[in-house]
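Notes follow once the structure below has been shown.
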Amino acid sequence: MSEKDKLPAAEPDPALEWAKLWQAMAESSNRMVEAWSGSMAPFMLARLSEKPAGFGDGNELSAAIERMAQGPRFADVWDIDRKMALAFGAWIEMRQRLARYNAVASAPWTEAWKRYLETMSATGTSATPHPGWREAFAKWSEISNEELIRNQRTDGFLQAQKALLQAGLQLRSRQDDVAEAASVMFGLPTRKDFDDVTRQLTELRREVRALSRQVRDQRTEGAR
């Protein structure tokens with residue numbers, strides 16, 4: 001064996017390996033930028049920059065996202081991107097409904113505090129001295145409960161509560177669509193797959209119980 005064959009194999013150059021890794025990361029980043037530029041995300045960010053204060057002026061942004069996502073499907077638009085856009089629009093809608101619900105739900109507290117101050121002011125005379133903290137707390141509980149019950153029976157509160165519940169269910173449905181699309185994209189079992197397995201397992205258990213009863217009945221008849 002020659003001296004050349006006895007020499008150990010040359011170790012890889014760390015600098016060269018790092019350069020290759022950096023180049024691969026740069027190429028992956030470029031592909032992500034291209035996918036981002038061709039998606040709906042820039043549109044949504046542009047609309048958000050137009051109204052950074054929030055979404056209290058109406059559901060214009062969520063409606064625009066809904067129309068775009070429900071439009072014609074092109075080959076360059078990912079299905080997961082469309083579903084994420086719909087989920088984003090549903091989230092905006094729920095924020096609007098939540099803000100309106102909070103506005104309606106907070107109204108009775110203002111009225112209750114106003115009535116409570118008037119009641120306490122009326123008891124501050126010499127004829128009617130200030131009550132103790134127990135009586136004051138009982139009076140506040142009485143007034144606040146009356147105002148809350150009165151508010152919860154109004155059509156405005158019921159409509160706001162109904163709209164918030166519907167928006168929450170819609171958001172949950174959109175989130176489930178995104179989760180299912182992501183599971184399909186990464187080759188993971190979806191909720192539908194789990195539901196099918198659960199249904200098959202339930203049917204199998206039902207059949208096993210039926211067979212067990214049948215075998216038990218046959219043994220009982222044979223023993224007679």
Side-chain angles (χ1 to χ4, degrees), residues 20-49 54-55 58-102 105 158-219:
K20 292 180 179 180
L21 178 61
W22 184 262
Q23 183 179 3
M25 292 175 61
E27 293 176 355
S28 177
S29 177
N30 290 333
R31 289 193 296 268
M32 292 177 62
V33 170
E34 293 176 358
W36 171 268
S37 61
S39 67
M40 298 178 189
F43 165 78
M44 293 187 290
L45 292 179
R47 294 307 300 270
L48 281 176
S49 62
F55 316 103
N59 57 353
E60 177 186 357
L61 179 58
S62 59
I65 296 174
E66 184 79 16
R67 289 193 300 269
M68 173 171 283
Q70 295 292 358
R73 301 185 182 182
F74 301 102
D76 57 342
V77 178
W78 298 346
D79 184 59
I80 182 67
D81 198 38
R82 294 179 62 260
K83 293 182 177 181
M84 289 182 64
L86 291 174
F88 184 74
W91 174 72
I92 295 174
E93 184 72 16
M94 194 193 71
R95 284 196 56 179
Q96 295 172 354
R97 304 302 183 187
L98 180 60
R100 296 172 184 174
Y101 173 82
N102 290 335
L158 296 177
Q159 292 297 330
Q161 188 180 49
K162 176 183 177 181
L164 179 60
L165 178 59
Q166 291 177 344
L169 294 175
Q170 181 71 8
L171 176 59
R172 181 62 182 270
S173 177
R174 299 301 190 189
Q175 290 175 340
D176 291 342
D177 293 340
V178 173
E180 183 176 359
S183 299
V184 173
M185 183 172 59
F186 291 106
L188 300 176
T190 63
R191 174 174 294 185
K192 183 179 180 181
D193 297 332
F194 283 111
D195 292 341
D196 291 340
V197 172
T198 303
R199 178 180 54 80
Q200 294 175 5
L201 182 59
T202 303
E203 294 178 354
L204 181 60
R205 288 177 176 175
R206 188 180 297 113
E207 292 177 359
V208 169
R209 288 195 296 267
L211 290 175
S212 299
R213 287 194 297 269
Q214 184 178 358
V215 170
R216 185 174 59 252
D217 294 341
Q218 290 178 355
R219 289 179 179 177

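FYI, side chains are in, hydrogens and waters are out, and symmetry mates aren't considered; it's all heavy atoms of this structure.
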Exercise for review: Quick one: closest heavy-atom pair of Ala167 and Arg97, and the distance?
Suggested key: CB-CG, 3.7 Å

Study note, to complete from the structure: With sequence neighbours left out, the residues meeting side chain to side chain contact (heavy atoms under 4.5 Å, CB included) with Gln218 are Gln214

Would you list the atom pairs, donor with acceptor, under 3.5 Å between side chains in residues 158-166 and any protein atom, with sequence neighbours excluded?
none

Check your understanding: What residues form a salt bridge (Lys or Arg N to Asp or Glu O under 4.0 Å) with Asp193, not counting sequence neighbours?
Key -> none

Check your understanding: Mind checking what makes side chain to side chain contact (heavy atoms under 4.5 Å, CB included) contact with Arg205, not counting sequence neighbours?
Key -> Leu201, Arg209

Exercise for review: Find the distance between CZ (Arg199) and CZ (Phe194) and round it off to the nearest 0.5 Å.
Suggested key: 15.0 Å

Point to revise | Closest non-hydrogen atom pair between Ser183 and Thr190, with its separation | key: CB-CG2, 3.7 Å

Check your understanding: Can you find a pair of side-chain heavy atoms, one from Arg219 and one from Arg216, that are under 4.5 Å apart?
Key -> no

Revision key, fill the gap. Taken in chain and number order and not counting sequence neighbours, the residues that satisfy side chain to side chain contact (heavy atoms under 4.5 Å, CB included) with Ala105 are Tyr101, Phe157

**Study point:** Main-chain N/O of Val208 paired with Ser212 side-chain donor or acceptor, under 3.5 Å
**Key:** yes

Check your understanding: If every non-hydrogen atom of Leu86 is compared with every non-hydrogen atom of Arg174, which pair is closest and at what distance?
Key -> CD1-NH1, 3.6 Å

Practice item. Could you tell me which residues satisfy side-chain hydrogen bond (donor to acceptor under 3.5 Å, both in side chains) with Arg191, sequence neighbours excluded, listed by chain and number? Key: Asp176

